[in-house]
Amino acid sequence: MGVLFVETKIVSVDNHIDNLASYQQAVDILEKGGVVAFPTETVYGLGALATDERAVQQIFAAKGRPSDNPLIVHIGTKEEVENYAIDIPETAQLLMDECWPGPLTLVFHKRPGVIAENVTPGFQTVGIRMPDHPVALALLKQLGAPLAAPSANRSGKPSPTEAGHVYTDLQGRIPMIVDGGRTGVGVESTVLDMTTAPPTILRPGGLTREKIESIIGPVNAESNTPGGEAPRAPGMKYAHYAPESPLFVIELNKELIRNAVASLHTEGKKVAVICPDEFAHGEADWYFSFGTLHDKDAMAANLYHAIRKCDETDADVILATETDVHGVGAAVMNRLNKAADGKRFK
Ligand code: TXA
Ligand code: MG
């Protein structure tokens, strides 16, 4: 299905005296079955009324998203979860009490007949989260209805961590972006399937596995499932987060990076390096920052921004330094390996 050209309006709600009126413009669009991009604490989302099948269809059209990939339902209060999900286990209640609002999506059996079919195409489950961002919460409150919202990027591109990223990808395809500044977490929510025992991490994200396990005990995840990978979120099978030039993950080692840049230069290639500030000196043509050394939260917050910055250069090759998979490192390395399509520089 094609998308008709629409003028994309950016409405700022940062320190703005007229915030209520701005939210009302967004609410008006949403209530008429349109889509609006808005910030969450993880990344910007592209929202539509989760109960309106035609509105939800516009999300898939604007993003160019495969229609078999389910969307997360965003709610403004914890109590609402009962309206859309059934068989909510005690452990989920503990997680919601401790971690909502926050970067955790919980997958439940869905309550039949409430959420539009195309939000969870062919699934008997629904992923729900309450975002921890004042703008998202204000919008949900003023709307008084759930929003289906994937990340607000063109399908396959890195998720947007600022309004400008959304504009780059979706200008002319969506009517409005609510600009709330840069997002804090920078990687998407952790998706935890509560329909398995124990629960299964389908996608590592902003809420760490260590935090989840401190609340409900051991969970399944790719790295600890015997005999192979855990079943993953359907969305994880698609190419993702890819910059325009090939990206290679490289060990956090100054000499190795120096040699890599030198050898790529002898092949006549221009090189962009994404690395901690302490490593950002040398012969590379561009450096983009992961923040200070060993600060994994900063890495997560800067990752997509840095990848998009590389796209603005004419680098032939991108090198990005790795981290360990503890804490939010699991999400960072998951995204980085996808952006690299598994490639490592040796
Ligand atoms: O932080 C986030 O989660 C952001 C913000 C906007 O909330 N949203 C986001 O949505 O990342 P999206 O659509 O880009 O990724 C959702 C992921 C996909 O991998 C999808 O397959 C998975 O969650 N997912 C959604 N519903 C599911 C379900 N019922 N069962 C299994 N996986 C599900
Ligand atoms: Mg996405």
Side-chain angles (χ1 to χ4, degrees), residues 35-48 50 56 59-60 62-76 84-85 99-111 115-133 135-137 139-140 146-161 165-166 169-170 177-178 180 183-196 199-207 230-242 300-301 304 328 331 334-335 338-339:
V35 294
V36 170
F38 63 96
T40 79
E41 81 281 34
T42 57
V43 300
Y44 274 72
L46 182 63
V56 170
I59 293 177
F60 289 96
K63 284 193 53 133
R65 179 177 174 111
S67 63
D68 63 347
N69 190 5
L71 306 177
I72 294 169
V73 174
H74 295 67
I75 57 177
Y84 316 116
C99 306
W100 277 8
L104 174 67
T105 295
L106 297 173
V107 174
F108 298 114
H109 294 291
K110 76 174 166 191
R111 187 175 288 285
I115 296 296
E117 267 307 309
N118 55 348
V119 172
T120 59
F123 286 77
Q124 299 311 309
T125 57
V126 60
I128 304 179
R129 87 177 190 98
M130 180 181 177
D132 186 16
H133 192 289
V135 174
L137 290 173
L139 185 61
L140 286 163
L147 282 175
S151 50
N153 49 281
R154 283 300 297 251
S155 206
K157 288 284 159 196
S159 296
T161 52
H165 297 164
V166 182
D169 280 16
L170 298 178
I177 302 168
V178 182
T183 64
V185 176
V187 290
E188 302 86 341
S189 63
T190 303
V191 179
L192 183 66
D193 186 350
M194 299 305 300
T195 69
T196 62
T200 305
I201 294 180
L202 301 178
R203 176 179 74 178
L207 191 81
R232 289 184 290 170
M236 302 304 278
K237 70 174 182 267
Y238 296 106
H240 254 87
Y241 320 112
Y304 295 143
V328 79
N334 171 276
R335 307 305 191 270
K338 282 182 173 286

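As a basis for the values below, the full set of heavy atoms in this structure was taken, side chains included, without hydrogen atoms, waters or symmetry mates. When a ligand or atom number is given, it counts from 1 through the structure's own listing order. Just so you know, residue 1 is the first one in the sequence shown, and it goes up from there.
For ligand 1 and Arg129, the ligand atoms under 4.0 Å from any heavy atom of the residue are 1 (O), 2 (C), 3 (O), 5 (C), 7 (O). Below 4.0 Å from some heavy atom of Gly127 lie the following atoms of ligand 1, by number and element: 29 (N). Which parts of ligand 1 touch Arg65 is read off a 4.0 Å heavy-atom cut-off, strictly below it: atoms 12 (P), 13 (O), 14 (O). Near Ser151, with a cut-off below 4.0 Å to any heavy atom, the atoms of ligand 1 are 8 (N), 9 (C), 10 (O), 12 (P), 14 (O). Shown in contact with Gly45 at under 4.0 Å from a heavy atom are these atoms of ligand 1, numbered in order with element: 6 (C). Interface atoms of ligand 1 facing Leu202, defined by a heavy-atom separation under 4.0 Å, are 31 (C), 32 (N). Distances below 4.0 Å separate heavy atoms of His74 from the following atoms of ligand 1: 5 (C), 6 (C), 7 (O). Taking a cut-off of under 4.0 Å to the non-hydrogen atoms of Thr125, the atoms of ligand 1 that pass are 28 (C), 29 (N), 30 (N).
For a threshold of 3.5 Å applied to N or O pairs, the pair formed by Asn69 and ligand 1 contains at least one separation below that value. By the 3.5 Å distance cut-off applied to N or O atoms, Thr120 is not counted among the residues near ligand 1. On a distance-only criterion, Lys63 and ligand 1 share no N/O pair closer than 3.5 Å. Considering backbone and side-chain N/O atoms, Thr42 comes within less than 3.5 Å of an N/O atom of ligand 1.
Taking both residues in full, the closest heavy atoms of Pro160 and His165 are given as CB-CB, 3.5 Å, listed atom of the first, atom of the second, then distance.
One of the N, O or S atoms belonging to Ser151 lies under 2.8 Å away from the Mg ion (ligand 2).
Note on ring orientation: taking the six-membered ring where Trp is involved, the planes of Phe38 and His74 are perpendicular (angle over 60°, cut-offs 30° and 60°).
Contact check for Pro121 versus Ser67: no side-chain heavy atoms found under the 4.5 Å cut-off. At least one side-chain heavy atom of Phe60 sits under 4.5 Å from a side-chain heavy atom of Arg65.
The pair Glu41-Arg129 meets the salt-bridge criterion, since a charged nitrogen lies less than 4.0 angstrom from a carboxylate oxygen.
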